[in-house]
Amino acid sequence: ERLLYQEIDYTLEAQNARRFDNNFKTMNPELYARIKVPDVYPELSTEKVLTMEYVPGVKITDVEKIQEMGIDTNMISKVSAESYMTQLCRHGFFHCDPHPGNLAVDDVNGGRIIYYDFGMMDVIPEKTRKGLVDFIFGVYNVDARAVVQAMVDTDIIEPKADMFDIIKVVRYFVKEFDKTLQKPRDADSKAGLWENEMSPEDQKKIKRARRQRLAADFFSVNSDKPFKFPAAFTFVYRSFMSLDGIGKRLDSQYDMMRLAAPYLNELVDLKDGNRFLSVMNQGLKDFGLRPKDFQDAWRQPRNVAYVTDVLKRLEEGDLKLRTRALEVEKTAQRIELTSRVIGSALFAWGALNTGLILSMLPAVSAGAGAGLARRILIMAAGKKILSRASFALAGVMALQAVPSYRKIKKMDDVPAW
């Protein structure tokens, strides 16, 4: 919503275009020769009018015309990926809508990409980029707590969520990922294969084993709903999909991840300031030689005393442990849903019977007097309205029972682990 309102303010779009152009010009001069941003004329622009340089070009997906101009389409596909990864990893300011209508190609400097429409732009804060680096390091070190903390830092997990079950689920997936990396790949013995590379039968076996192991944790995490998807990531994902389609149309051997690897490596510098410090700190952590490790060793007697005090208070009843009985929670949830279904069904049945009774009441008799007939007609009209209202209410209550019934059905479809 924020970006949509910004898109109709051409003053902001002019600022975005100049910032986008300046980022490439000052930070990436070697790539700037392959990128063109139309100049903005601020003296001729307002909030409702944007005046820009006229820069014609060929639509980036028109491969035949690009080749007729003598331009290497493989080079253009590479520039499209590199320019976008540069926006994400180096500038932190990126184009949210790089579809074929906003990208064109001309023959200047042997071929360059022209960017149009700077109304939808967004920023990836340095904190978020550092969070992504911490996430990668956490997966690499098989450190579930670090992975979860990185997801909190990048606003993927609510900070106030119950982390116990989340960490347990993440630890399972991180360990499985590490096991797959450690195994030598062998298609014949199915060793070292990713899950999506396995047969449907093997995938079902893995999913069944995963459900059996993590059933209670999945239920707890699902009921708490701690996950969210930041808006900026939505635009990044959509842009990647769009650029991947463009790249594969220009180059049959196009591989977005291969082109992105050098830029993802650069993100490592964000962790501790530079790559050398990151590697050194990781080595110190592995051998337990960080200042933090010495502090932990120094505080060990105090920590032991604290644990002893907690245990003593537990024995004396000053502290109480709070636990979650997930099976009881699931049963209570099912009882609540069942009560809703029964209540709605009974109400609908009563309303339906009322409507049927009203609709079957006798009509006006032929021998009735004029005054009596008038009153009976009024009563008949009221009866008709009430009967229709009863039928409508019965339908509404029946529809209200459907979502609860589907939830119960979904719970019953889950295997009893």
Side-chain angles (χ1 to χ4, degrees), residues 12-40 52-53 55 57-58 60 66 71-100 102-133 136 232-233 235-244 246-247 250-251 254-278:
L12 289 175
E13 182 167 347
Q15 294 173 1
N16 291 338
R18 290 197 296 268
R19 179 179 176 182
F20 188 85
D21 180 74
N22 188 62
N23 283 344
F24 279 102
K25 187 176 182 180
T26 57
M27 300 184 197
N28 310 96
E30 72 287 348
L31 191 58
Y32 186 65
R34 298 292 185 185
I35 299 295
K36 174 59 180 175
V37 177
D39 292 333
V40 178
M52 303 182 73
E53 175 188 9
V55 185
V58 175
I60 195 169
I66 293 174
I71 300 172
D72 183 4
T73 55
N74 294 350
M75 180 271 293
I76 294 296
S77 69
K78 183 179 178 182
V79 171
S80 69
E82 290 181 346
S83 65
Y84 197 72
M85 292 305 301
T86 298
Q87 296 169 47
L88 292 177
C89 301
R90 296 179 180 174
H91 304 166
F93 180 70
F94 67 98
H95 198 297
C96 294
D97 205 17
H99 59 76
N102 288 336
L103 299 174
V105 178
D106 63 14
D107 57 359
V108 177
N109 297 330
R112 64 181 182 178
I113 295 178
I114 307 167
Y115 276 87
Y116 303 118
D117 191 357
F118 300 90
M120 290 185 66
M121 310 288 290
D122 206 356
V123 175
I124 296 184
E126 186 171 330
K127 177 187 174 184
T128 302
R129 286 185 283 161
K130 284 186 176 181
L132 292 174
V133 175
I136 294 170
F233 286 9
F235 291 113
V236 170
Y237 179 77
R238 188 181 71 170
S239 299
F240 266 118
M241 294 300 100
S242 179
L243 289 172
D244 190 61
I246 292 172
L250 293 169
D251 179 7
Y254 178 85
D255 186 350
M256 183 69 163
M257 293 310 299
R258 177 176 55 82
L259 295 171
Y263 295 89
L264 294 176
N265 288 334
E266 288 183 10
L267 286 176
V268 176
D269 294 338
L270 289 172
K271 183 172 177 62
D272 299 295
N274 62 66
R275 191 166 305 176
F276 174 75
L277 282 178
S278 297

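- Summarising the geometry of S242 relative to P98, their closest heavy-atom pair is OG-O, 3.2 Å, with the distance given to 0.1 Å.
- What you find for N109 and A33 is that their closest heavy atoms are ND2-O, 3.1 Å.
- Minimum heavy-atom separation, C96 to M121: SG-C, 3.7 Å.
- Between F240 and M85, some side-chain heavy-atom pair lies under the 4.5 Å cut-off.
- Residues M75 and L250 fail the side-chain proximity criterion, which asks for heavy atoms closer than 4.5 Å.
- The two atoms that bring F94 and Q87 nearest to each other are CA-OE1, 3.4 Å, heavy atoms only.
- In the model, Y254 has no side-chain atom that pairs as donor or acceptor with a side-chain atom of N74 under 3.5 Å.
- Between the CD1 atom of I246 and the CD1 atom of I76 there is a distance of 11.5 Å, given to the nearest 0.5 Å.
- In terms of heavy-atom proximity, S83 sits nearest to I35 at CB-CD1, 3.7 Å.
- Atom CD1 of I113 is separated from atom CD of E82 by 9.5 Å, given to the nearest 0.5 angstrom.
- In terms of heavy-atom proximity, V55 sits nearest to Y116 at O-OH, 2.6 Å.
- Expressed to the nearest 0.5 Å, how far CZ of F93 lies from CD1 of I124 amounts to 11.5 Å.
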message: Show, in sequence, the C-alpha distance, side-chain angles and deciding distance for E13 and D117, and conclude whether the side chain to side chain contact (heavy atoms under 4.5 Å, CB included) test is met.
response: CA-CA 8 Å; E13 182 167 347; D117 191 357; 3.7 Å; yes
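- Between Y115 and N102, every side-chain heavy-atom pair lies at or beyond the 4.5 Å cut-off.
- Using the six-membered ring where Trp is involved, F20 and H95 have ring planes that are perpendicular, over 60° apart on the 30 and 60° scheme.
- At a threshold of 4.5 Å between non-hydrogen side-chain atoms, the residues V236 and D122 do not count as touching.
- The backbone N or O of H99 sits nowhere less than 3.5 Å from a side-chain atom of D97 that would complete a donor-acceptor pair.
- Side-chain contact between E53 and K36 is present, with heavy atoms from C-beta onward closer than 4.5 Å.
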Exercise for the section: Would you check, one step at a time, whether the test side chain to side chain contact (heavy atoms under 4.5 Å, CB included) holds for N23 with T86? Expected result: CA-CA 10 Å; N23 283 344; T86 298; over 6 Å; no
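- Interatomic distance, I60 CD1 to S77 OG, rounded to the nearest 0.5 Å: 8.5 Å.
- With sequence neighbours excluded, the residues satisfying salt bridge (charged side-chain N to carboxylate O under 4.0 Å, His left out) with D244 are K248.
- Considering only heavy atoms from C-beta on, R238 stays 4.5 Å or farther from M241 through its side chain.
- D21 places none of its side-chain heavy atoms less than 4.5 Å from the side chain of V40.
- The structure places OG of S80 at 9.5 Å from CG of D251, a figure rounded to the nearest 0.5 Å.
- Taken from OG1 in T26 to CG in N28, the straight-line distance is 8.0 Å, to the nearest 0.5 Å.
- Ring centroid separation for the pair H91 and F24 comes in under the 6.0 Å cut-off.
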